[in-house]
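As the structure is a computational prediction, the values presented were derived from the model and not from experiment.
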Amino acid sequence: MKRRKTIRAGRLVWDVIYTVPRPNASQRERKRIREVTAEQIAQTNCNTAQRKLEMLIATNFEPDDLVFSLTYRDKDLPASPDVTRRRLGKVFAQIRAYRKARGLPDLKYIYVLEGRHGDHRPHVHLILNAVGGDLELIQSLWVWGDNIQLNYIEDRGYDVWAGYFTKERREASLNGKKQFVGSRNLKRPTVTYQWVDDAAMIDPPPGVQVIDDSGIKRNDFASCRYLKYMMPKRKPRRENNEKLRARTRVVADSKWSVTYHTGMEKKPKPPRQNRKTAYT
């Protein structure tokens with residue numbers, strides 16, 4: 001028997017089928033397991049951490065959501081990472097209050113603190129769900145630095161951003177340590193398992209965009225294959241003949257920002273005493 005594991009993260013799907021190690025493995029099989037080096041284990045752990053982050057991003061963020069890089073000016077460099085965490089906590093609290101007062105979607109974020117590579121200068125990489133005017137708001141709230149870079153998730157894709165956010169785990173030997181921090185309202189990918197026959201295969205469903213296909217990998221004792229693909233976009237349904245909300249990009253002062261078009265605004269109903277009533 002083989003096992004099939006399917007992870008669904010929004011439109012992104014990771015599907016793998018593999019041979020399960022037997023409890024009564026032979027001496028030869030046990031020897032192959034013992035031959036795995038510490039470097040190979042560390043590499044596998046890093047790859048797993050990157051994949052988990054990729055699926056978490058895909059579950060909670062759209063391609064046109066935002067990626068910020070926040071840097072410090074010299075006089076405001078933090079004494080420790082805890083200082084940056086406290087500063088970010090204040091920024092997030094102000095963004096939540098701003099959105100709540102205007103009836104905007106709740107804040108979702110994932111961030112990572114860096115400073116172990118290059119010139120070892122502390123900085124922050126931050127993924128944020130976009131609602132419009134986010135660049136201007138971040139610029140007004142991040143008062144400890146003047147250089148704020150903005151990208152869209154679709155500029156690099158979920159997998160590349162996940163690798164970018166976990167690069168210090170590889171470069172600075174942070175294996176086993178959690179690097180990124182996410183908001184509490186993040187949804188988790190859906191994971192399902194099922195037992196299948198040894199001859200079972202996995203194939204991409206019709207109409208999907210295949211991102212990665214490992215092909216069938218075999219050794220003397222086991223086989224494995226994984227697929228990663230993107231499901232097609234679903235067309236939103238129109239309800240009550242209202243105009244659909246659509247995201248559009250605008251350029252202001254040579255900086256990208258995101259705005260929302262929500263259609264015509266509904267007129268408020270007049271007070272009951274002012275309404276005209278027809279009597280028959």
**Prompt:** Looking only at heavy atoms, which two atoms of V208 and P232 are closest? And how far apart?
**Reply:** CG1-CD, 4.3 Å
**Message:** The criterion is salt bridge (charged side-chain N to carboxylate O under 4.0 Å, His left out); which residues satisfy it with D203, sequence neighbours excluded?
**Reply:** R225
**Asked** Say you draw a straight line from OG1 of T6 to OH of Y193; how long is it, rounded to the nearest 0.5 Å?
**Response** 10.0 Å
**Side-chain (S183) to main-chain (Y109) donor-acceptor, under 3.5 angstrom** = yes
**Least distance between heavy atoms, R87 atom then D76 atom** = NH1-O, 3.0 Å
**Prompt:** What are the two closest heavy atoms between P189 and I7, and how far apart are they?
**Reply:** CB-CG2, 3.7 Å
**Prompt:** What is the distance from atom OH of Y158 to atom CD1 of I153, rounded to the nearest 0.5 Å?
**Reply:** 5.5 Å
**Fill in**
Sequence neighbours excluded, the answer for side-chain contact (heavy atoms from CB on, under 4.5 Å) partners of R102 is Y98, L104
**Prompt:** Closest approach of R99 and D106, non-hydrogen atoms and distance?
**Reply:** NH1-O, 3.5 Å
**Prompt:** Hey, mind stepping through W14 and D212 against side-chain contact (heavy atoms from CB on, under 4.5 Å) and telling me if it holds?
**Reply:** CA-CA 9 Å; W14 190 79; D212 195 4; over 6 Å; no
**Prompt:** Taking all atoms of both residues into account, what is the closest heavy-atom pair of A130 and D65, and its distance?
**Reply:** N-OD1, 2.8 Å
**Item:** R73 NZ/CZ over W144 ring centroid, <6.0 Å and within 45° of normal
**Value:** no
**Message:** Are L186 and F165 linked, directly or through intermediate hydrophobic residues, by side-chain heavy-atom contacts shorter than 4.5 Å (ILVMFWY only)?
**Reply:** yes
**Item:** Qualifying residues under salt bridge (charged side-chain N to carboxylate O under 4.0 Å, His left out), relative to D74, sequence neighbours excluded
**Value:** R121
**Set of salt bridge (charged side-chain N to carboxylate O under 4.0 Å, His left out) partners for K228, sequence neighbours left out** = E54
**Asked** Would you say Y226's side chain and Y18's backbone share a donor-acceptor pair under 3.5 angstrom?
**Response** no
**Item:** Joint hydrophobic cluster, Y229 plus L56, side-chain heavy atoms closer than 4.5 Å
**Value:** no
**Request:** Test side-chain contact (heavy atoms from CB on, under 4.5 Å) on I202 and V196 and set out the steps.
**Result:** CA-CA 10 Å; I202 55 173; V196 296; over 6 Å; no
**D82: salt bridge (charged side-chain N to carboxylate O under 4.0 Å, His left out) partners, not counting sequence neighbours** = R85
**Request:** Establish whether L88 and L77 are linked, either directly or via other cluster members, by ILVMFWY side-chain heavy-atom contacts under 4.5 Å.
**Result:** yes
**Asked** Should V210 and I216 be counted in the same cluster of Ile, Leu, Val, Met, Phe, Trp and Tyr side chains packed under 4.5 Å apart?
**Response** no
**Request:** Kindly compute the distance separating OG1 (T166) from CD (Q50), expressed to the nearest 0.5 Å.
**Result:** 4.5 Å
**Request:** Flag yes if V16 and L227 sit in one hydrophobic cluster, no otherwise; membership is Ile, Leu, Val, Met, Phe, Trp, Tyr, and two members link when side-chain heavy atoms are under 4.5 Å apart.
**Result:** no
**Asked** Which distance, rounded to the nearest 0.5 Å, do you find between the OH of Y111 and the CG of L126?
**Response** 9.5 Å
**Message:** Pair I95, I138 - check side-chain contact (heavy atoms from CB on, under 4.5 Å), show working.
**Reply:** CA-CA 8 Å; I95 294 176; I138 291 292; 3.7 Å; yes
**Prompt:** Is the number of heavy atoms from other residues, nucleotides or ligands within 6.0 Å of NZ (K108) greater than 12?
**Reply:** yes
**Request:** Rounded to the nearest 0.5 Å, what's the gap from CD1 on I127 to CZ on F61? Could you check?
**Result:** 6.0 Å
**Fill in**
Interatomic distance, CD@E62 vs CD@E154, rounded to 0.5 Å, equals 10.5 Å
**Request:** For the pair T71 (side chain) and N147 (backbone), establish whether a donor and an acceptor sit closer than 3.5 Å, ignoring hydrogens and angles.
**Result:** yes
**Q139 versus I148, closest heavy-atom pair with distance** = CA-CD1, 3.8 Å
**Request:** Mark yes or no for whether N60, through its side chain, and K187, through its backbone, hold a donor-acceptor pair below 3.5 Å.
**Result:** yes
**Asked** Taking only residues two or more places apart in sequence, or in another chain, which ones meet Y164 in a ring-ring contact (aromatic ring centres under 6.0 Å, His included)?
**Response** H125, W161
